[in-house]
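Scroll down for the structure; my scribbles are underneath it.
Computed over heavy atoms, backbone and side chain alike; hydrogens, waters and symmetry mates excluded. If you're wondering where the values come from, they're calculated on a predicted model, not measured in any experiment.
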Amino acid sequence: MHYFNFSAYFVCGKFNAALLQAVIPTVVGIFNSLPRKKGTRMRIDVSINTSNECLDITLGTEKMCQPRNCLRRMQYFSKILAKQPGMRNYVINGELLRS
C-alpha cells in the first residue's frame, strides 16, 4: 500500500467536533465500501484534530497514484461529507474543505 497524508480545513472556518464525530464514521464507511476495480484497492482513515481544528486524512492506495488523482479522491470524500446531516452550513461557494 502507498499512503498519502492530508490535513483538511473547513473553508467556512467553522469547526464542530461533536457534529464531525457523528458524521465522519459514516462518510469513511461509504468511501471505503465503494466498489473498485481489481488491483485498485483503497482505504481512507480520518481523525478529527481538535487542536488544529482540521481533519487529518490518510489515504492508502494499492497502486501508486499521482498527486492529482489523490486530490480527486479527497474531493469525492468532501462531496460525500457535504451531503451529511448538518454539513450544509459548512459549504461556501460549493467548497467544503481545503488542504
message: Let me confirm one number: the NZ-OG distance from Lys83 to Ser78, rounded to the nearest 0.5 Å.
response: 11.0 Å
message: I need the Met42 CE to Met1 CE distance, nearest 0.5 Å.
response: 8.5 Å
Taking every non-hydrogen atom, the tightest pair across [X] and [Y]:
X     : Y     : answer
Ala17 : Thr50 : CB-CG2, 3.9 Å
Asn52 : Asn49 : N-OD1, 3.0 Å
Ile44 : Val28 : O-CG1, 3.5 Å
Phe15 : Cys54 : CE1-N, 3.4 Å

query: Could you go step by step and tell me if Leu59 and Tyr3 meet the side chain to side chain contact (heavy atoms under 4.5 Å, CB included) rule?
result: CA-CA 6 Å; Leu59 175 67; Tyr3 295 96; over 6 Å; no
task: May I have all residue pairs that pass salt bridge (charged side-chain N to carboxylate O under 4.0 Å, His left out) and include part of residues 47-58, sequence neighbours excluded?
output: none
Output all residues satisfying side-chain contact (heavy atoms from CB on, under 4.5 Å) with [X], sequence neighbours left out; order by chain, then residue number.
X     : value
Ile30 : Thr26, Ile80, Gln84
Ala22 : none
Gln75 : Leu71, Arg72

task: Can you sort out the partners of Asp45 under salt bridge (Lys or Arg N to Asp or Glu O under 4.0 Å), two or more places apart, ordered by chain and number?
output: Arg43
Side-chain heavy-atom pair Leu81, Phe10 within 4.5 angstrom cut-off: yes
- prompt: Can you tell if the side chain of Leu20 reaches within under 4.5 Å of the side chain of Leu55, non-hydrogen atoms only?
  reply: yes
field: For Thr58, side chain to side chain donor-acceptor pair (under 3.5 Å) partners two or more places apart
entry: Asn5
task: Return the orientation label for the Phe77 and Phe31 ring planes: parallel under 30°, perpendicular over 60°, tilted otherwise.
output: perpendicular
task: Indicate if Met74 and Leu34 have the same hydrophobic cluster label, given that clusters are the connected sets of ILVMFWY residues with side-chain heavy-atom separations under 4.5 angstrom.
output: yes
